[in-house]
Amino acid sequence: MSQLIIYGGFQMYNKTCGHTFDCHCPPQTFPNQYDPPQISPTQQTVNTNVFKTVVPHIHPSHTTTVNKHLFNHQHYFPQSQSVVNECYEEHLMCGMPYNPCCHPRPFGC
């Protein structure tokens with residue numbers, strides 16, 4: 001029969017070894033035994049690195065302002081009218097005036 005005794009931080013066994021006194025013998029240590037390894041499936045881990053790169057996209061534009069001036073030439077043809085009133089006079093001598101002081105003379109004399 002064995003008894004577990006802790007002595008100075010070591011585990012000791014009290015065995016009956018056929019003596020009249022108790023002998024404290026260390027336990028027997030056997031070499032390590034190894035079972036075949038049990039391999040779990042590989043755990044996949046993904047580390048993602050994000051690198052930002054700025055790519056400028058330039059979209060130029062140009063606006064041309066065209067100012068057009070339209071000259072509207074308006075042609076008029078005014079017509080004027082005039083009225084001319086002409087007056088003519090004729091002085092006819094239908095004979096000789098009577099002059100009591102002078103005798104009548106023939107015309108053209």
Side-chain angles (χ1 to χ4, degrees):
M1 170 182 259
S2 296
Q3 237 182 339
L4 176 63
I5 300 174
I6 304 215
Y7 178 72
F10 294 102
Q11 292 181 356
M12 304 290 278
Y13 288 92
N14 186 3
K15 292 186 184 176
T16 305
C17 50
H19 295 104
T20 56
F21 60 90
D22 288 337
C23 64
H24 297 283
C25 301
Q28 290 183 356
T29 306
F30 294 97
N32 289 337
Q33 296 179 2
Y34 292 97
D35 283 341
Q38 295 180 5
I39 300 173
S40 299
T42 302
Q43 181 178 351
Q44 295 289 326
T45 303
V46 176
N47 288 328
T48 302
N49 296 318
V50 176
F51 298 96
K52 287 186 171 183
T53 301
V54 175
V55 178
H57 291 265
I58 300 170
H59 303 278
S61 65
H62 175 78
T63 301
T64 299
T65 301
V66 176
N67 295 318
K68 292 184 176 183
H69 295 275
L70 174 64
F71 291 97
N72 188 347
H73 294 274
Q74 297 179 350
H75 297 271
Y76 294 96
F77 299 93
Q79 177 154 355
S80 61
Q81 291 183 349
S82 302
V83 175
V84 176
N85 293 319
E86 295 180 350
C87 292
Y88 296 97
E89 295 183 26
E90 285 184 335
H91 294 271
L92 300 172
M93 300 297 272
C94 298
M96 297 288 289
Y98 175 72
N99 188 352
C101 300
C102 298
H103 295 289
R105 294 172 51 197
F107 184 72
C109 311

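Just so it is clear, the structure is predicted and the values come from calculations on it, not from any experiment. For the numbers below, each heavy atom of this structure counts, side chains included, while hydrogens, waters and symmetry mates do not. In this chain, residues are counted from 1 in sequence order.
Q79 meets the side chain to side chain donor-acceptor pair (under 3.5 Å) test with no other residue; sequence neighbours excluded. Partners of Y76 according to the side-chain contact (heavy atoms from CB on, under 4.5 Å) rule, which considers only residues two or more places apart in sequence or in another chain, are Q74, P78.
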List the atom pairs, with distances to 0.1 Å, where a side-chain N or O of residues 43-59 and a protein N or O form a donor-acceptor pair under 3.5 Å, not counting sequence neighbours.
none

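Sorted by first and then second residue, the side-chain hydrogen bond (donor to acceptor under 3.5 Å, both in side chains) pairs with a member in residues 31-40 form an empty list; sequence neighbours excluded. Here side-chain hydrogen bond (donor to acceptor under 3.5 Å, both in side chains) pairs that include residues 60-72, with residues two or more places apart or in two chains, are H62-T64. Sorted by first and then second residue, the side-chain hydrogen bond (donor to acceptor under 3.5 Å, both in side chains) pairs involving residues 82-92 (not counting sequence neighbours) are E86-Y88, E89-H91.
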